[in-house]
Amino acid sequence: MSTTGSPPTVADVVAALDRRYPPAWAEEWDRVGLVVGEPTNPVRRIACVVDVVPETVDEALAAGADLIVAHHPLLLRGVSSVAATTYKGRIVHRLIKSDVALYVAHTNADVADPGVSDALAARFGLTGLRPLHRPRPGSPADGPGRGIGRIGELPTPMTLAELARHAAAVLPATAWGVRAAGDPGRMVRTLAVSGGSGDSFLGEATAAGVDAFLTADLRHHPAGEHLAAGGPALLDAAHWATERPWLDDLAAQLRGELGVETVVSDLDTDPWTVHAAAPRPDDKEPPP
């Protein structure tokens with residue numbers, strides 16, 4: 001950041017984010033860093049979002065943001081065109097025409113300490129945190145405290161049914177809500193959490209000996225086989241809801257380090273918008 005009182009540039013913000021979430025920490029398949037933007041442009045306001053979609057772009061432009069920092073990559077797979085005839089191409093064109101930069105911190109923010117799952121763990125007041133999935137030894141992301149997911153102790157033990165209700169109350173609200181798998185009366189003292197899709201870590205949650213594992217995007221067969229093998233209880237929340245808490249930490253970092261204004265998007269970008277629970281037997285209407 002300039003010492004003359006002028007606002008930081010896009011390059012200054014990128015440098016600050018790269019220090020906290022080095023691109024080398026990202027998975028090989030990931031695409032992180034500056035996507036759109038002129039490095040010399042000044043940044044007075046930053047919008048923090050989980051997903052880069054037309055609605056969050058609308059929100060950022062209405063707020064007067066000069067830069068959007070997103071968790072999910074806009075351009076994850078290789079493309080040969082960003083023509084305005086495509087969904088993502090239209091977003092790229094709009095950002096460029098509006099002179100708004102876009103930066104992505106994805107799996108490099110997941111593995112960081114503190115990172116995405118630390119913010120999720122804080123919603124539950126977990127203590128004694130340690131990583132759920134550690135980076136490969138010798139990899140760029142390897143280091144003390146770093147890794148995907150967190151394991152910790154709940155302030156007060158509760159049953160799985162109580163924890164599911166608690167999770168629905170402390171996580172951002174979505175139509176998906178929170179569902180749980182396992183004995184509703186099972187006592188939960190140790191909880192593993194992982195922001196985003198986490199069923200690839202079911203084995204590590206079992207090996208860690210936790211009582212329950214909360215994540216998103218759990219699939220039918222892996223979850224059922226996990227429980228049948230005696231694994232910990234499961235809680236499945238909306239993907240967006242498990243990663244939205246990190247935006248508050250991100251915004252605080254940028255305000256504190258660079259002195260820029262920040263806005264955090266609370267726009268629910270989870271694709272599931274309607275939830276209907278089956279009625280209980282005594283609630284069903286009598287047949288005609």
Side-chain angles (χ1 to χ4, degrees), residues 13-14 16-23 25-27 30-33 35 46-53 56 59-60 65 67-74 76 102-127 129-133 135 141 143 145-152 167-174 176 178 191-198 201 213-217 235-258 260-270:
V13 180
V14 167
L17 287 164
D18 284 353
R19 284 192 296 271
R20 182 149 179 168
Y21 310 113
W25 291 359
E27 298 288 339
D30 206 0
R31 298 294 178 266
V32 300
V35 180
I46 298 173
C48 302
V49 308
V50 172
D51 295 293
V52 186
V53 294
T56 55
E59 206 175 42
L67 168 66
I68 296 172
V69 179
H71 184 49
H72 291 148
L74 175 65
L76 180 60
L102 170 63
Y103 180 96
V104 170
H106 191 212
T107 53
N108 49 329
D110 287 331
V111 78
D113 178 25
V116 172
S117 289
D118 292 283
L120 178 57
R123 291 288 177 114
F124 294 89
L126 298 185
T127 57
L129 296 182
R130 63 188 189 277
L132 172 64
H133 172 78
R146 293 200 288 269
I148 294 177
R150 293 293 182 266
I151 297 169
V170 300
L171 291 178
T174 60
W176 180 270
V178 176
L191 176 66
V193 299
S194 184
S197 303
F201 308 124
F213 176 35
L214 181 145
T215 187
D217 302 339
L235 296 103
D236 187 31
H239 192 122
W240 173 83
T242 64
E243 295 176 328
R244 161 60 186 84
W246 170 68
L247 300 183
D248 295 323
D249 292 355
L250 171 66
Q253 172 216 345
L254 293 170
R255 285 195 306 271
E257 186 171 347
L258 299 171
V260 295
E261 292 184 34
T262 57
V263 291
V264 172
S265 175
D266 278 317
L267 184 67
D268 177 5
T269 54
D270 189 70

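The CG atom of D113 sits 8.5 Å away from atom CG of L129, with the distance rounded to the nearest 0.5 Å. Taking CG of L247 as the reference point, atom CG of D249 lies at 9.0 Å (rounded to 0.5 Å). Here CG of D217 is found 7.5 Å from OG1 of T242. Values are rounded to the nearest 0.5 Å. With rounding to the nearest 0.5 angstrom, the CZ atom of R146 is 14.0 Å from the CG atom of D110. The line from CG of L67 to SG of C48 is 8.5 Å long, rounded to the nearest 0.5 Å. Atoms CH2 and CG, on W176 and D268 in that order, are 12.5 Å from each other to the nearest 0.5 Å.
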Query raised in the report: Between H72 and E243, does a side chain to side chain contact (heavy atoms under 4.5 Å, CB included) hold up when you go through it step by step?
Result: CA-CA 10 Å; H72 291 148; E243 295 176 328; 2.7 Å; yes
Query - Criterion side chain to side chain contact (heavy atoms under 4.5 Å, CB included) on V69 and Y21, from CA distance to verdict - result: CA-CA 12 Å; V69 179; Y21 310 113; over 6 Å; no
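H71 is linked by a ring pair (Phe, Tyr, Trp, His ring centres under 6.0 Å) to H106, W246, counting only residues two or more places apart in sequence or in another chain. Listed by chain and residue number, S194, F213, L218 satisfy the side-chain contact (heavy atoms from CB on, under 4.5 Å) test with T215 (two or more places apart in sequence, or in another chain).
For R150 (side chain) and S117 (main-chain N/O), no donor-acceptor pair under 3.5 Å exists by modelled atom type. Of the possible donor and acceptor atoms, none in the side chain of T262 sits under 3.5 Å from a partner among the backbone N and O of I46. Put simply, the side chain of D236 never gets that close to the backbone of L214: no donor and acceptor are under 3.5 Å apart. Judged by distance alone, with hydrogens and angles left aside, the side-chain atoms of T56 form a donor-acceptor pair with the main-chain N or O of D51 at under 3.5 Å.
Looking at heavy atoms from C-beta onward, L76 lies in side-chain contact with D30 at the 4.5 angstrom threshold. In this structure, the side chains of L120 and L171 come closer than 4.5 Å at one or more pairs of heavy atoms. Side-chain atoms of Y103 and V13, non-hydrogen and from C-beta on, never get closer than 4.5 Å to each other.
Checked for salt-bridge contact, R244 and D270 miss the test: no charged N lies under 4.0 Å from a carboxylate O.
Across every non-hydrogen atom of S265 and V49, the tightest pair is CB-CG1, 3.8 Å. Closest heavy-atom contact between V104 and R31: CG1-O, 3.8 Å. Across all non-hydrogen atoms, the minimal contact from V260 to L254 is CG2-O, 3.7 Å. Between P135 and A141, the closest heavy-atom pair is CG-O, 3.5 Å. When all heavy atoms of A70 and L102 are compared, the closest pair comes out as CB-CD1, 4.2 Å. Shortest non-hydrogen contact noted between A237 and A216 is O-CB, 3.2 Å.
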